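Everything on this sheet refers to the single structure shown next.
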Amino acid sequence: MYDNLLIDLDGTISDNSEGILKGVRDALEYFNIDYKEEELYEFIGPPLLDSFMNGYGLDEDSANKAIEIYREHYKTKGLFENKLYKDIEKVLKDMKSKGKRLFICTAKPEFFARKILAYFGIDNYFDDIYGATLTNERIHKDDIIGYCIFQNNLDKSITVMIGDRSHDICGAKKHGISSIGVTYGFGSRDELQDSGADEIVDSFSELLNLI
């Protein structure tokens, strides 16, 4: 059904919550902002700039400072406080054997995404890796999806976005491609359904039945 698979990273390929949340705590504590631990999971998926501004009322300059503090931990330790979800490499290998083209589309900075995938030894399964720029020119998931489609001249009718949050589903809709939500990440089934996911799976291996 689909030849081009655009795949999210955090919450879809790997669980990087430990590294992300440590960096977020550092940033919020720098600004003496009170927070509830469960709220911090909302940082996983959306652009950091949006999360600091919309979630905690920081202006753009302060939000950029918060990102700088976050990255002090993340760039040396946080990106490796990370683990692959079950059967990821096995399924990626199977997808490639079926002739699928695989692309990472993540709101994480592209520089970090490449390092993480190389760390796990799975970067070779992807035709290319697309993420946010460090200077905020391209940070929203819909922009990253659109950039991937444009750069590779992908046929939208055989292209699908796979991810765990509403941003993945809404980004796919904006560009007229199908979407598959995964429930084992950081978004709920309700979030994926409400966003209009075309299909929802409970494990990465279930994707093989849909592609």
Side-chain angles (χ1 to χ4, degrees), residues 2-26 40-41 43-48 67 70-134 138-139 141 144-145 147-148 151-152 159-165 167-168 171-172 179-187 192 201-211:
Y2 303 112
D3 288 344
N4 310 311
L5 311 182
L6 281 50
I7 307 175
D8 178 43
L9 181 53
D10 294 335
T12 304
I13 293 291
S14 71
D15 178 355
N16 194 199
S17 57
E18 181 182 354
I20 292 171
L21 298 187
K22 282 183 179 178
V24 171
R25 290 188 200 102
D26 288 348
L40 301 187
Y41 284 88
F43 278 86
I44 304 174
L48 288 171
I67 292 171
Y70 166 90
R71 286 178 179 160
E72 286 177 8
H73 170 79
Y74 193 80
K75 67 186 178 183
T76 57
K77 297 180 180 179
L79 76 167
F80 302 122
E81 293 168 334
N82 205 342
K83 58 186 178 182
L84 289 178
Y85 288 110
K86 183 180 178 181
D87 294 331
I88 293 296
E89 185 166 9
K90 176 178 178 292
V91 174
L92 291 176
K93 185 176 182 179
D94 201 340
M95 289 172 170
K96 292 301 289 185
S97 73
K98 297 178 187 300
K100 307 301 180 180
R101 299 183 70 193
L102 308 182
F103 303 91
I104 285 290
C105 285
T106 175
K108 180 185 294 300
E110 189 172 301
F111 171 76
F112 292 142
R114 290 181 181 277
K115 291 191 73 171
I116 289 167
L117 293 166
Y119 169 74
F120 285 126
I122 59 172
D123 50 328
N124 57 303
Y125 290 107
F126 296 95
D127 291 61
D128 215 335
I129 297 163
Y130 297 97
T133 60
L134 289 170
R138 186 174 67 246
I139 62 173
K141 184 56 70 76
I144 295 159
I145 291 171
Y147 187 71
C148 176
Q151 288 293 108
N152 296 278
T159 299
V160 63
M161 179 69 209
I162 300 163
D164 68 312
R165 299 300 307 272
H167 312 277
D168 301 303
S179 61
I180 302 174
V182 301
T183 62
Y184 57 81
F186 301 105
L192 296 167
V201 297
D202 297 317
S203 69
F204 198 70
S205 59
E206 287 181 49
L207 291 168
L208 294 172
N209 298 324
L210 299 177
I211 63 170

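As the structure is a prediction and not an experimental result, all values here were calculated from the model.
- Remark: I13 CD1 to T106 OG1 distance equals 10.5 Å, nearest 0.5 Å.
- Note on residues 88-119: pairs passing ring-ring contact (aromatic ring centres under 6.0 Å, His included), not counting sequence neighbours, are Y74-F112, F80-Y119.
- A centroid separation of less than 6.0 Å is found between the aromatic rings of Y130 and Y147.
- By the side chain to side chain donor-acceptor pair (under 3.5 Å) test, R138 is found to be paired with no residue, residues two or more places apart in sequence or in another chain being considered.
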Under the side-chain contact (heavy atoms from CB on, under 4.5 Å) criterion, do L210 and V160 qualify, and how do the steps go? CA-CA 10 Å; L210 299 177; V160 63; over 6 Å; no

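- Listed by chain and residue number, nothing satisfies the side chain to side chain donor-acceptor pair (under 3.5 Å) test with N209 (two or more places apart in sequence, or in another chain).
- Of the inter-residue distances, the one linking L40 atom CG with S17 atom OG reads 11.0 Å to the nearest 0.5 angstrom.
- Note that the OG atom of S205 and the CG atom of D87 stand 5.5 Å from one another [nearest 0.5 Å].
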Assess whether side-chain contact (heavy atoms from CB on, under 4.5 Å) is satisfied between Y70 and I20, documenting all intermediate values. CA-CA 8 Å; Y70 166 90; I20 292 171; 3.6 Å; yes

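- Between I211 and M95, the shortest heavy-atom contact is CD1-CG, 3.7 Å.
- In this structure, F120 places its CZ atom where more than 12 heavy-atom neighbours from other residues, nucleotides or ligands lie under 6.0 Å away.
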What's the verdict on salt bridge (charged side-chain N to carboxylate O under 4.0 Å, His left out) for D127 and K96, showing C-alpha distance, side-chain angles and the deciding distance? CA-CA 10 Å; D127 291 61; K96 292 301 289 185; 3.0 Å; yes

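- The two atoms that bring H73 and G23 nearest to each other are CD2-N, 4.0 Å, heavy atoms only.
- Considering CG of L6 and CG of D128, their distance stands at 11.0 Å, rounded to 0.5 Å.
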Run the numbers on L79 and K75 for side-chain contact (heavy atoms from CB on, under 4.5 Å), then give the verdict. CA-CA 6 Å; L79 76 167; K75 67 186 178 183; 5.5 Å; no

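- The minimum heavy-atom distance between R165 and F186, with the atom names listed, is CD-C, 3.7 Å.
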Could you go through F43 and L48, starting from their C-alpha distance and side-chain angles, then the distance that decides it, and tell me whether this counts as side-chain contact (heavy atoms from CB on, under 4.5 Å)? CA-CA 7 Å; F43 278 86; L48 288 171; 3.9 Å; yes

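- Side-chain contact between D26 and E72: absent, with no pair of heavy atoms (C-beta onward) separated by less than 4.5 Å.
- Listed by chain and number, the residues in a side chain to side chain donor-acceptor pair (under 3.5 Å) with D94 are S97 (sequence neighbours excluded).
- Test I144, L9, I162, D168 against C105 for side chain to side chain contact (heavy atoms under 4.5 Å, CB included) and you get one pass: I144.
- Atom CG of N16 is separated from atom CG of N82 by 3.5 Å, given to the nearest 0.5 angstrom.
- The closest donor-acceptor contact from the side chain of R114 to the backbone of I129 lies under 3.5 Å.
- Shown here for L117 and F126, the closest heavy-atom pair between the two residues is CD2-CE1, 4.1 Å.
- Residues that satisfy the side chain to side chain donor-acceptor pair (under 3.5 Å) test with Y125, not counting sequence neighbours, are E89.
- Listed here is the closest heavy atom pair of A107 and G45: CB-O, 3.4 Å.
- At least one side-chain heavy atom of D3 sits less than 4.5 Å from a side-chain heavy atom of K100.
- For the pair D164 (side chain) and T12 (backbone), a donor-acceptor distance under 3.5 Å is absent.
- Rounding to the nearest 0.5 Å places NZ of K98 at 11.5 Å from CG of L5.
- For residues 4-23, the salt bridge (Lys or Arg N to Asp or Glu O under 4.0 Å) pairs, not counting sequence neighbours, are D8-K141, D10-K108, E18-K22, K22-E81.
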